[in-house]
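A short worksheet on the structure shown next.
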Amino acid sequence: MPIWFPRGPNLGVRLQARHRVNGFVLPNVPPAGSDNDGPGRSGGSPTAVRPMSALPATGTPIGTGSPVATPPLPRDGQLRAGQGDKPGLAPVRPPTARAAVDPAPRTVRVGVVGVGYWGVKHVRALEKVEGVSAVVAIDERLADEPDGSLAAMGVDQYGDLACALPSVDALIIATPPSTHYGVGLQAIAAGKHVLIEKPLATNAGEARALIAAARAADVVLMSGHTFEHNAAVHKLRELIRERDLGQLYYLDCARLNLGLYRNDVGVIADLAPHDISIANYVLGSRPTTVTAWGSRFVGVDHEDVAFLRLDYADVGVRASIQVSWLSPVKVRRVTAVGSRRMAVYDDTAEDERIRIYDKSAIPPEKGSGNRQGMTYHQGDTVLPHVDFAEPLAVQDEEFVSCIRTGRQPAADGMSGLSVVQVLDAAQISLREQRPVSIAEISSMSAPAAAQYGGLTQRRD
Ligand SMILES: NC(=O)c1ccc[n+]([C@@H]2O[C@H](COP(=O)([O-])OP(=O)(O)OC[C@H]3O[C@@H](n4cnc5c(N)ncnc54)[C@H](O)[C@@H]3O)[C@@H](O)[C@H]2O)c1
């Protein structure tokens with residue numbers, strides 16, 4: 001029987017009103033009730049939500065069908081002699097200036113803003129990406145002292161983004177989540193293509209403003225959903241899509257470890273974006289309702305242990321997500337349970353990250369009179385070979401390729417917004433102890449959303 005995937009939520013109204021941000025004219029955020037962004041490079045269209053168009057349009061849902069209804073003045077930031085840029089004189093172009101830029105550049109100069117734990121990995125990955133002519137490191141911490149290992153790699157270093165702008169065509173933003181919005185807007189307003197690490201922003205209003213700004217500037221906006229570039233996740237999606245597991249009952253995700261505690265956001269915004277994007281990707285859908293529980297055992301301002309339940313009403317599947325900074329053993333696991341088989345994706349495994357268990361529970365025949373007669377099928381476990389390429393490198397290749405070809409990334413701004421909406425809904429659910437529908441988040445006005453303060457506000 002063919003499998004049915006929905007075409008995603010209605011995401012299609014064009015932005016019309018304009019407002020002023022940081023001195024630049026930008027389209028307004030969409031009106032209440034519409035997380036819409038019509039066709040365009042950075043926004044996406046309803047059909048561009050997920051690359052599932054190859055799937056049959058009709059058939060049966062994959063799941064059970066029973067979800068619960070529920071610039072400051074630049075400092076002298078250039079530490080390693082660059083190409084004669086004068087700090088403080090970085091030309092910041094208005095959004096319309098992109099028309100004058102080569103629409104399909106042969107090579108791209110990429111800056112990484114924030115070269116901490118994760119940003120350094122981007123720098124290394126970019127060194128090998130075809131079409132990248134220069135890699136530049138930008139980080140506040142470099143204002144005081146250049147980084148020896150970056151210098152050894154021959155990477156130019158800047159302590160201030162404004163100073164680096166003339167030297168780059170595109171930016172990967174790997175600063176703490178609370179800074180994504182401000183740094184992202186600054187980069188987009190200067191006409192730079194941006195890949196923003198997860199989460200795209202700390203609330204849906206900011207995410208929408210980034211999407212609108214990128215569309216107005218006609219630059220690529222990509223969300224750093226690394227796992228969507230992971231071959232093991234692609235395999236999991238294939239197993240679900242091909243119905244190798246039978247009818248999908250549920251997804252269960254666990255992302256646990258001891259630390260690392262972040263200061264600006266809690267464990268939900270830090271770790272759950274990975275699992276939300278994985279679930280959205282493998283199901284080819286978007287959640288409709290979010291329920292969250294959380295605790296602050298050691299964390300003062302934010303939850304350090306949390307549980308999320310995502311209902312995907314369109315496909316009739318429920319995903320549970322457990323995230324923790326307070327657990328003795330590192331766990332990065334996604335379990336998909338179907339009526340015929342079960343699959344486990346373990347990202348901590350050295351090899352064979354996907355295991356398919358030919359196991360199932362078979363209920364007694366209706367009318368057999370044997371109510372207790374559940375039987376269990378125990379077959380072989382299969383470890384499919386997955387050609388593994390470093391997901392971060394694949395993601396960065398995709399970003400550069402999109403810039404060079406004008407193609408829209410699958411993990412676009414709307415994809416990032418979808419994840420941020422779940423984070424917003426989780427915050428309300430935590431506070432009000434109730435299921436929160438994504439429609440509620442979509443229709444929330446900016447002032448109402450601000451009342452919740454996204455993910456960074458300290459709660460009483
Ligand atoms: N995709 C993934 O798998 C993955 C994994 C880890 C982290 N991340 C994301 O990467 C980002 C960075 O995480 P991290 O663990 O590397 O953090 P980190 O604290 O190690 O590094 C952040 C760096 O940003 C710099 N910085 C802060 N504000 C800045 C600003 N305004 N301008 C320039 N530099 C600034 C800091 O000095 C620091 O060096 C986060 O958004 C995180 O969610 C993604």
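Predicted model only: the values in this text are computed from it and were never measured. Both counts, for ligands and for their atoms, begin at 1 and track the order of listing.
Taking 4.0 Å as the cut-off between side-chain N and carboxylate O, E397 and K128 do not count as a salt-bridged pair. Ion pair D311/R318 flagged as a salt bridge, since at least one NZ, NE, NH1 or NH2 atom sits closer than 4.0 Å to an Asp/Glu carboxylate oxygen.
Every atom of ligand 1 with a heavy atom of H180 under 4.0 Å away is listed here by number and element: 41 (O). Applying the 4.0 Å criterion to heavy atoms of R141 picks out, from ligand 1, the atoms 39 (O). Close contacts of ligand 1 with G116, meaning ligand atoms under 4.0 Å from a residue heavy atom, involve 16 (O), 20 (O), 21 (O), 23 (C), 39 (O).
Counting heavy atoms from C-beta on, the side chains of Q395 and H122 come closer than 4.5 Å.
At a cut-off of 3.5 Å, with distance as the only test, a side-chain donor of N280 or S418 sits close to an acceptor on the other residue.
Checked against a 6.0 Å centroid threshold, the rings of H234 and Y281 count as neighbours.
Heavy-atom minimum distance, D304 versus V267: C-CG1, 3.6 Å.
Applying side-chain contact (heavy atoms from CB on, under 4.5 Å) to I172 and the options L126, V194, V113, V123 leaves one that passes, L126.
Ranking the protein heavy atoms by distance from atom 40 (C) of ligand 1 puts T175 O, 3.4 Å first. Closest protein heavy atom to atom 24 (O) of ligand 1: G114 CA, 3.4 Å. In this structure, atom 27 (C) of ligand 1 lies nearest to the protein heavy atom P176 CD, 3.3 Å. Protein heavy atom in closest approach to atom 4 (C) of ligand 1: W118 CE2, 3.3 Å. Protein heavy atom nearest atom 30 (C) of ligand 1, with residue, atom name and distance: E140 OE2, 3.5 Å.
Annotation for Y250: atom OH does not count as buried by contact number, only 12 or fewer foreign heavy atoms lying within 6.0 Å.
For the pair L161 and ligand 1, no heavy-atom separation below 4.0 Å is found. Ligand 1 lies out of reach of H225, whose nearest heavy atom is not under 4.0 Å from it.
Considering only non-hydrogen atoms, atom 13 (O) of ligand 1 lies nearest to R262 out of E197, R262, H274. In the candidate list D139, V112, V265, D139 is nearest to atom 39 (O) of ligand 1, counting heavy atoms. Nearest-residue assignment for atom 43 (O) of ligand 1 (options Q395, H229, K198; heavy-atom criterion): K198.
Between D270 and ligand 1, no N or O atom pair is found at a separation short of 3.5 Å.
Under 4.0 Å from ligand 1, the heavy atoms of V113 that appear belong solely to its side chain. By the criterion of a heavy-atom distance under 4.0 Å, the side chain of T226, and not its backbone, is placed next to ligand 1.
Atom CZ in R208 sits 8.5 Å away from atom CG in N203 (nearest 0.5 Å).
A cation-pi arrangement is found for R255 relative to F227, the charged atom lying closer than 6.0 Å to the ring centre and inside a 45° cone about the ring normal.
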